[in-house]
Amino acid sequence: MASSVSGTIVPRFTADTLRSAAKLSQGCHVVPVRLRRAIKKYLREKEDPHMKRKVLSLSESFHEVKEVNLLLPTSTSKELVEDPLKSMQSSKRWKIKSAYGDIGLKYRDDETIAYVASRMPAVYAACYRVLSEVKRRLPDFSPAKVLDFGAGTGSAMWALREVWPKSMEKINLIEPSQSMQRAGQRLIKDLKDLPFIQSYGSIQALTQSISKSDTQHDLVIASYVLGEIPSLKDRITVVRQLWDLTGDVLILIEPGTPEGSNIISQMRSHILWMESRKIRKLESASHKSSKSLITMKSGAFIVAPCPHDGRCPLYNTGKYCHFVQRLERTTSQRAYKRSRGKPLRGYEDEKFSYVAFRRGRRPREPWPLDGMKFDTLKEQHAKRSPEDLEIDYEDQIESEVDDDEQEQDLVSYNSDITETDAITDDDDDDSGEEAEERGRADVGGGWGRIIYSPIRRGKRVEMDVCRAINRDGTEGSFDRIVVTQRKNPTLHRQARRSLWGDLWPF
């Protein structure tokens, strides 16, 4: 068990709250009834006998984009990532002329219908997973004004509405495809209590139609869109424009592929470099007026998934940072997706890479294990009373089921059965209050991130963890952490229950 170390440091967590604070992975996500019902209604109106063929065609278009991205060098020069030339050109979708050809997706009506049927639920699930973590890690953050870049059919907006149902007052959507805009509007037609929503075709159209004082957004999100801009210079230009429109938090999400992870890594490096350079210039200025420009919002740090703001330790290792969210397939996904001759599973795993920035400096928080002491297995045995040696077989069986429940695949998927249930105002998610009760992980450098699935070998668990190596979170490393039951039974129990994407305390 964990106990306090003699001295002035008081432990912030117990063993139970430490486990709950580190738990950020989610089980098999069920797409909300409202969204499933909206998709089903939209597809019924757009009924097409050749839907499977259109879904296949859309998938092939995504592969074409992926192949063009492979032409980009895997390692980019420091000068190009840090200080790219601002291009005035743009892709077929974003009107940027790329050196690798004009390959951006047009998203005509056929592609839009196929996207809603096959991809929208999975993109929604990934966005919901990321936004839920941001909400837990930043309890003081409740966005009122949001910008969704590359909004598509509104997957991110649906996730935003589930995570922050009451705080949002205005959402600006940027989506150049008129077909996508029409589909998104049709999907939210029957929703009530929506914030004010305004659609634009480009960043330029947004900035020209609003005043300079109104350009800042509490939250800016760009999901599954940067990969459609094959020029690295143009991607960085777009991200810099999005950062200029960000008042507090910027979130970038891409597919969990080597290419998607590489895009996220490059954008992460550029934003952090750009802000640190800005601070260095202000700090070295001789004029007091220049130093006074350094405010609480100066700089930038990573909210998630990185526990530090240093160079990515996975760089040039052959590994890439990504995560997985399982979701139950909706009726449309089961109807139109290919099964390759086998029965289609009731779930799918959506792989994604992401980064969430916040303006300001990373807070210097105490590390979670500060002030905690853990008994070894031998010390725990020495402290046992005779009553502890009595075996309660019922409790033992329940404990074994508990330990294995996360490793078992779900068999029955009846999410569509609930689609006929009535939807009331009481259906709002109360997970925020539950998170308050079970503890939160702060954004200090004391929480590492578990990358890939932990390896359980008998009474030891091995985990690949990205972590900060100093208290201010300016440097990081990628380490193999080994936890044994003999040396630390408490953390061993936590490690056995940990999954890919969870945090690990230091």
Visitor: Test salt bridge (charged side-chain N to carboxylate O under 4.0 Å, His left out) on E350 and R119; report intermediate values, then the result.
Guide: CA-CA 10 Å; E350 176 65 15; R119 286 295 299 151; 3.0 Å; yes
Visitor: As a quick check of understanding, evaluate ring-ring contact (aromatic ring centres under 6.0 Å, His included) for Y124 and H29, giving each step before the final call.
Guide: CA-CA 10 Å; Y124 162 83; H29 184 74; 5.7 Å; yes
Visitor: Could you tell me which residues satisfy side chain to side chain donor-acceptor pair (under 3.5 Å) with S25, sequence neighbours excluded, listed by chain and number?
Guide: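 Per chain and number, S25 pairs via side chain to side chain donor-acceptor pair (under 3.5 Å) with D502.
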Visitor: Going by side chain to side chain contact (heavy atoms under 4.5 Å, CB included), name the residues that satisfy it together with P505, two or more places apart in sequence or in a different chain.
Guide: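 L18, P368, L369, W447, Q494.
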Visitor: Check whether T207 reaches the backbone of I203 with its side chain - one donor and one acceptor, N or O, closer than 3.5 Å.
Guide: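 Indeed, once roles are kept as given, a pair shorter than 3.5 Å links the two residues.
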Visitor: Using a strict 4.0 Å threshold on nitrogen-to-oxygen distance, state whether R277 and E275 make a salt bridge.
Guide: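 Not counted as a salt bridge, because no side-chain N and carboxylate O are separated by less than 4.0 Å.
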Visitor: Checking S142 against S167: is there a side-chain donor and acceptor pair closer than 3.5 Å?
Guide: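 Side chains of S167 and S142: no pair found under 3.5 Å.
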Visitor: Enter the distance from M157:CE to S223:OG here, rounded to the nearest 0.5 Å.
Guide: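 Output value for this atom pair is 11.5 Å.
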Visitor: Indicate whether the side chain of N470 and that of T474 have a donor and an acceptor atom separated by less than 3.5 Å.
Guide: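 Short answer, yes.
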Visitor: Could you name each residue pair satisfying salt bridge (Lys or Arg N to Asp or Glu O under 4.0 Å) that touches residues 301-322, not counting sequence neighbours?
Guide: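 Passing the test, one end in residues 301-322: D309-R362.
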Visitor: Do I188 and L194 have side chains that get closer than 4.5 Å, going by heavy atoms?
Guide: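 Yes. Closest side-chain heavy atoms under 4.5 Å.
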Visitor: Does the side chain of V443 come within less than 4.5 Å of L138's, by heavy atoms?
Guide: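 The answer is yes; the side chains approach within 4.5 Å.
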Visitor: Is there a donor-acceptor contact under 3.5 Å from the side chain of D442 to the main chain of G444?
Guide: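 Answer holds: yes.
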Visitor: Report the residues that fulfil salt bridge (charged side-chain N to carboxylate O under 4.0 Å, His left out) with E169, sequence neighbours left out, ordered by chain and then residue number.
Guide: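 Expected list: none.
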Visitor: If you look at every heavy atom in K135 and V163, which pair is closest and at what distance?
Guide: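 Here K135 and V163 meet closest at NZ-O, 3.0 Å.
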Visitor: Assess, by modelled atom type and distance only, whether the side chains of T14 and T17 contain a donor and an acceptor separated by less than 3.5 Å.
Guide: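 Checked: T14/T17 side chains pair up, N/O donor to acceptor below 3.5 Å.
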Visitor: With distance as the sole test, does T237 use its side chain to make a donor-acceptor pair with the main-chain N or O of K233 at under 3.5 Å?
Guide: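 Such a contact is found between T237 side chain and K233 backbone.
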Visitor: Give, for atom OG of S498 and atom CG of L503, the distance between the pair rounded to the nearest 0.5 Å.
Guide: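 One finds 9.0 Å between OG of S498 and CG of L503.
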Visitor: Below 4.5 Å, heavy atoms only, C-beta onward: do K23 and L499 meet side chain to side chain?
Guide: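 Yes, their side chains come closer than 4.5 Å.
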Visitor: S453: what forms a side chain to side chain contact (heavy atoms under 4.5 Å, CB included) with it, not counting sequence neighbours?
Guide: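 S453 satisfies side chain to side chain contact (heavy atoms under 4.5 Å, CB included) with W500 only.
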Visitor: Would you call I251 and F357 a side-chain contact if the rule is heavy atoms closer than 4.5 Å?
Guide: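 Side chain of I251 against side chain of F357, heavy atoms only: no contact under 4.5 Å found.
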Visitor: How would you list, by chain and number, every residue that makes a side chain to side chain contact (heavy atoms under 4.5 Å, CB included) with R364, sequence neighbours excluded?
Guide: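 Side chain to side chain contact (heavy atoms under 4.5 Å, CB included) check on R364 returns R471, D472.
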Visitor: Assess whether salt bridge (charged side-chain N to carboxylate O under 4.0 Å, His left out) is satisfied between R358 and D140, documenting all intermediate values.
Guide: CA-CA 12 Å; R358 191 176 202 185; D140 61 327; 3.5 Å; yes
Visitor: Nearest 0.5 Å please: distance from the CE atom of M274 over to the CD1 atom of I271.
Guide: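 That separation rounds to 4.0 Å.
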Visitor: Can you run down the salt bridge (Lys or Arg N to Asp or Glu O under 4.0 Å) pairs that involve residues 147-158, sequence neighbours left out, and say none if there aren't any?
Guide: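 As it turns out, there is no salt bridge (Lys or Arg N to Asp or Glu O under 4.0 Å) pair with a partner in residues 147-158 once direct neighbours are skipped.
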Visitor: Measure the CD1-CD1 distance between I264 and I253 for me, rounded to the nearest 0.5 Å.
Guide: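 Result: 8.0 Å between the selected atoms.
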Visitor: For D248 and R359: C-alpha separation, side-chain torsions, deciding distance, then whether salt bridge (charged side-chain N to carboxylate O under 4.0 Å, His left out) applies.
Guide: CA-CA 5 Å; D248 201 348; R359 288 194 179 274; over 6 Å; no
Visitor: Would you say V465 and F478 make side-chain contact, with heavy atoms under 4.5 Å?
Guide: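 The answer is no, as the side chains (C-beta and beyond) never meet within the 4.5 Å cut-off.
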Visitor: Could you tell me if the side chain of M463 sits less than 4.5 Å from the side chain of V483, heavy atoms only?
Guide: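 V483 reaches M463 side chain to side chain.
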Visitor: Distance only, no hydrogens: is a donor on one side chain within 3.5 Å (strictly under) of an acceptor on the other, for Y354 and E133?
Guide: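 Indeed, the side chains of Y354 and E133 share at least one donor-acceptor pair under 3.5 Å.
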Visitor: Are any of the side-chain heavy atoms of Q216 and T246 separated by less than 4.5 Å?
Guide: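 Side-chain contact under 4.5 Å: no.
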Visitor: Restricting to salt bridge (charged side-chain N to carboxylate O under 4.0 Å, His left out), what partner residues turn up for K487, sequence neighbours left out?
Guide: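 Salt bridge (charged side-chain N to carboxylate O under 4.0 Å, His left out) list for K487, sorted by chain: empty.
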Visitor: Do R235 side-chain atoms and I263 backbone N/O form a donor-acceptor pair below 3.5 Å?
Guide: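 Checked: no pair found.
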Visitor: Can you confirm whether Y200 sits close enough to S209 that some side-chain heavy atom of one is under 4.5 Å from a side-chain heavy atom of the other?
Guide: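 A side-chain contact exists here, since the closest heavy-atom pair is under 4.5 Å.
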Visitor: Could you pull out all residues at least two apart from D214 that satisfy side chain to side chain contact (heavy atoms under 4.5 Å, CB included)?
Guide: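 Applying side chain to side chain contact (heavy atoms under 4.5 Å, CB included) to D214 gives K145, K170, I210, S211.
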Visitor: Is the backbone N or O of G27 less than 3.5 Å from a side-chain atom of Q325, with the two atoms forming a donor-acceptor pair by type?
Guide: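 Judged by distance alone, yes, a pair lies under 3.5 Å.
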Visitor: Kindly say whether L314 contributes a backbone atom to a donor-acceptor pair with the side chain of T317 at under 3.5 angstrom?
Guide: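 Checked: pair present.
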Visitor: Run the side chain to side chain donor-acceptor pair (under 3.5 Å) test against H217 and tell me which residues pass, sequence neighbours left out.
Guide: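 Expected list: N172.
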Visitor: Using modelled atom types and a 3.5 Å cut-off, is there a donor and acceptor pairing between side-chain atoms of E254 and backbone atoms of G227?
Guide: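 Yes: the side chain of E254 pairs with the backbone of G227.
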Visitor: What pair of heavy atoms forms the shortest contact from G476 to P313, and how long is it?
Guide: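 That would be O-CB, 4.4 Å.
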Visitor: Report yes or no: does H308 contribute a side-chain atom to a donor-acceptor pair with the main-chain N or O of C306 at less than 3.5 Å?
Guide: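 No, because the side chain of H308 does not come within donor-acceptor range (under 3.5 Å) of the backbone of C306.
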Visitor: So, R449 side chain and G501 main chain: donor-acceptor pair closer than 3.5 Å or not?
Guide: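 Looks like yes, one N/O pair under 3.5 Å.
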Visitor: If we check salt bridge (charged side-chain N to carboxylate O under 4.0 Å, His left out) with E462, which of these qualifies: R480, R496, R456?
Guide: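 For E462, the salt bridge (charged side-chain N to carboxylate O under 4.0 Å, His left out) test succeeds with only one of R480, R496, R456, which is R480.
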Visitor: Within the distance-only criterion (no hydrogens, no angle test), does the side chain of Q181 pair as donor or acceptor with the backbone N or O of E175 below 3.5 angstrom?
Guide: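 At least one qualifying donor-acceptor pair exists.
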Visitor: For the residue pair F506 and W367, does the interplanar ring angle fall in the parallel (under 30°), tilted (30 to 60°) or perpendicular (over 60°) class?
Guide: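 Rings of F506 and W367: perpendicular, over 60°.
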Visitor: Shortest non-hydrogen contact from R268 to C312?
Guide: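 What the structure gives for the nearest pair is NH1-N, 3.8 Å.
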Visitor: Hey, what do you get for CG (L131) to CZ (R161), rounding to the nearest 0.5 Å?
Guide: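 L131 CG to R161 CZ: 14.5 Å, rounded to 0.5 Å.
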Visitor: Report the distance from atom CG of L491 to atom OG1 of T484, rounding to the nearest 0.5 Å.
Guide: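 Rounded to the nearest 0.5 Å, the CG-OG1 separation comes to 10.0 Å.
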Visitor: Just grab all the ring pair (Phe, Tyr, Trp, His ring centres under 6.0 Å) pairs involving residues 150-185, residues at least two apart or on different chains.
Guide: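 Qualifying pairs, neighbours excluded: F141-W164.
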Visitor: Taking only residues two or more places apart in sequence, or in another chain, which ones meet R467 in a side chain to side chain donor-acceptor pair (under 3.5 Å)?
Guide: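 Here no residue qualifies.
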